[in-house]
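Notes to accompany the following structure.
Because the structure is a prediction, the values reported are computed rather than measured.
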Amino acid sequence: MRDSYRVGSILGIPVELHISFVLLLLLVFIYSLAVDFQAFIYLVLLFTVVTLHELSHSVVARRYGIGINRITLLPFGGIASMEELPSEPGQELKIAIAGPGFNFLMSGLSLLALYMLDSLPLVFPLFDFSISAPIDLLAVFFKVNLLLGAFNLFVPALPMDGGRVFRSLLALKLGFHAATEIATGIAKVIAVVFALLGVMIPNLWLVFIAFFVYLGAVQESEMLRINFLLSGIKVRDLMSRGVVWVHPEMTLEELAEVMLERKHMGYPVLTDGRLIGIVTFTDLSKVPRSEWSRVRVGEVMSRNLITTTSDADASEAFLTLAKAGVGRLPVVDGGELKGILSKTDLLRAIEVMRLKRLGG
Ligand code: ZN
């Protein structure tokens, strides 16, 4: 099952809803129809605030030339998936602060508006989100921005913003590696405390956030380990050479033959020595068997090419593969196909280096 669903895009960045947000949406929708329509207003408000928060991260990241693959929205925040990690701690710091910073800016502006409308007392109590007049909406907007900003910034748990700020500050002193080691350790402790608190209070959100933080921290430290294991290894050391490629005019019938014979699940598609696409078993399996003799490779191949170069770091290629969710990367130097690097090649290297470098 997929865990998030695309709903649109803003500034060219795909926006996805995490399954938990979809479930919340359904629940609130049913609730708002049956009991109280206000619930729907809260949801739209939360959706808007979280999206703007993530866009702020994205805009700053782009300023440093870091592309954003997608924004995933969760009920308590979102994740802007960056194509690569910021190369300097200072950049990560600014990207991380941008989200909560925007929330604080919004809460400041709405506070000013409330003041000018002589409605300042509406901000108390802070945890009262009831709406009985239009002006209450402004007060709730203030509170949601303030709480969301504070929650994301002041909990020093990777992968939350506060954890990124914490890691980048540590990295300025200790370097990226040691900083991540410490930050992910602390994040796991915070996650466990959140989970226990969540069970005791009880508060389901807290348990959910704890789960999310824990998984995120495990992922970050695993990524770091892989970086360490693959350090010094280049794509050319692991790629397969003498690649079997196919022609776009080949029929799927013929492609199936090649797959049977060569036993690879994906092939680069070349024309006049130039790489124009990649065709995989998945592409083949989407076409009914009866049409294989008619349909050609060029019609089903994927043209959205994600490639690497033979001189690239293996750890970088691993990150590219993981983020793109593909099984293999064509290795292209100056327009010429030099080889193929598959996920299997990388995983094998990681296992061997694990034995070699960690001794078990
Ligand atoms: Zn954030």
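- Of the charged side-chain nitrogens involved, none lies within less than 4.0 Å of a carboxylate oxygen, so that Glu88 and Lys94 do not count as a salt-bridged pair.
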Yes or no on side chain to side chain contact (heavy atoms under 4.5 Å, CB included) for Asp313 and Val235, after CA distance, side-chain angles and deciding distance? CA-CA 6 Å; Asp313 289 325; Val235 166; over 6 Å; no
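- His53 pairs with exactly one of Asp161, Asn152, Asn145 by the side-chain hydrogen bond (donor to acceptor under 3.5 Å, both in side chains) rule, that one being Asp161.
- Taken to the nearest 0.5 Å, the CD1 atom of Ile190 stands 11.5 Å off from the CG atom of Leu197.
- At least one donor-acceptor pair closer than 3.5 Å links the side chain of Ser342 to the backbone N or O of Asp345.
- Taking hydrophobic clusters as Ile, Leu, Val, Met, Phe, Trp and Tyr residues chained together by side-chain heavy-atom distances below 4.5 Å, Leu170 shares a cluster with Leu172.
- Side-chain atoms of His247 and Arg296, non-hydrogen and from C-beta on, never get closer than 4.5 Å to each other.
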Run the side chain to side chain contact (heavy atoms under 4.5 Å, CB included) check on Leu275 and Trp245 step by step: do they pass? CA-CA 9 Å; Leu275 180 69; Trp245 55 273; over 6 Å; no
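- Side-chain atoms of Thr251 and Glu254 form a donor-acceptor pair, as typed in the model, at a separation below 3.5 Å.
- Under a 4.0 Å N-O distance rule, the pair Arg289/Glu253 qualifies as a salt bridge.
- With rounding to the nearest 0.5 angstrom, the CD1 atom of Ile19 is 5.0 Å from the CG atom of Leu23.
- Shortest non-hydrogen contact noted between Ala217 and Thr184 is O-CG2, 3.6 Å.
- One hydrophobic cluster holds both Leu114 and Leu117 under the rule that ILVMFWY side chains link at heavy-atom gaps under 4.5 Å.
- Classification of Arg294 and Glu291 as a salt-bridged pair holds, one side-chain N sitting under 4.0 Å from a carboxylate O.
- The hydrophobic cluster containing Phe208 also contains Met160, counting ILVMFWY residues as joined when their side-chain heavy atoms lie under 4.5 angstrom apart, directly or transitively.
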Before giving the answer on side chain to side chain contact (heavy atoms under 4.5 Å, CB included), spell out for Leu319 and Ile226 the whole-Å C-alpha distance, their side-chain angles and the decisive distance to 0.1 Å. CA-CA 10 Å; Leu319 201 66; Ile226 286 167; over 6 Å; no
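- Lys263 contributes a side-chain N or O that, together with a main-chain N or O of Glu261, makes up a donor-acceptor pair within less than 3.5 Å.
- Using a distance-only test at 3.5 Å, with no hydrogens or angles considered, no donor-acceptor pair links the side chain of Lys356 to the main chain of Leu229.
- A 4.5 Å side-chain heavy-atom check between Tyr5 and Val22 finds at least one atom pair inside the cut-off.
- To the nearest 0.5 Å, the span separating CD on Glu54 from OG1 on Thr51 amounts to 8.5 Å.
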Is there a side chain to side chain contact (heavy atoms under 4.5 Å, CB included) between Thr280 and Ser302 once you walk through the steps? CA-CA 8 Å; Thr280 66; Ser302 153; over 6 Å; no
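- Side-chain contact check for Leu45 versus Val144: some heavy-atom pair is nearer than 4.5 Å.
- In the hydrophobic clustering, Met259 connects to Val244, Val246, Met250, Leu252, Leu255, Val258, Met265, Tyr267, Val269, Ile276, Val279, Phe281, Leu284, Val287, Trp292, Val295, Val297, Val300, Met301, either directly or through intervening members, whenever side-chain heavy atoms lie under 4.5 Å apart.
- Remark: Arg354 engages Glu351 in a salt bridge, criterion side-chain N to carboxylate O under 4.0 Å.
- Closest of all the heavy-atom pairs between Arg167 and Ala179 is O-CB, 3.6 Å.
- For Leu204, the CG atom counts as loosely surrounded, since its 6.0 Å shell holds 12 or fewer non-hydrogen atoms of other residues, nucleotides or ligands.
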When the side chains of residues 332-341 are checked against the rest of the protein, which donor-acceptor pairs come out under 3.5 Å, sequence neighbours left out?
residue, atom, partner, partner atom, Å
Asp333, OD1, Ser310, N, 3.1
Asp333, OD1, Ser310, OG, 3.4
Asp333, OD2, Ser310, OG, 2.6

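- Looking at heavy atoms from C-beta onward, Ile278 lies in side-chain contact with Leu305 at the 4.5 angstrom threshold.
- Atom OH of Tyr214 sits in a sparse spot, with 12 or fewer heavy atoms from other residues, nucleotides or ligands closer than 6.0 Å.
- Considering all non-hydrogen atoms of both residues, Gly149 and Pro100 come closest at O-CB, 3.6 Å.
- Side-chain contact between Ser58 and Ile71: present, with at least one pair of heavy atoms (C-beta onward) separated by less than 4.5 Å.
- Residues Leu347 and Met223 share a single hydrophobic cluster, defined by chaining ILVMFWY side chains whose heavy atoms lie under 4.5 Å apart.
- Leu24 and Val207 end up in different hydrophobic clusters when Ile, Leu, Val, Met, Phe, Trp and Tyr side chains are linked at under 4.5 Å.
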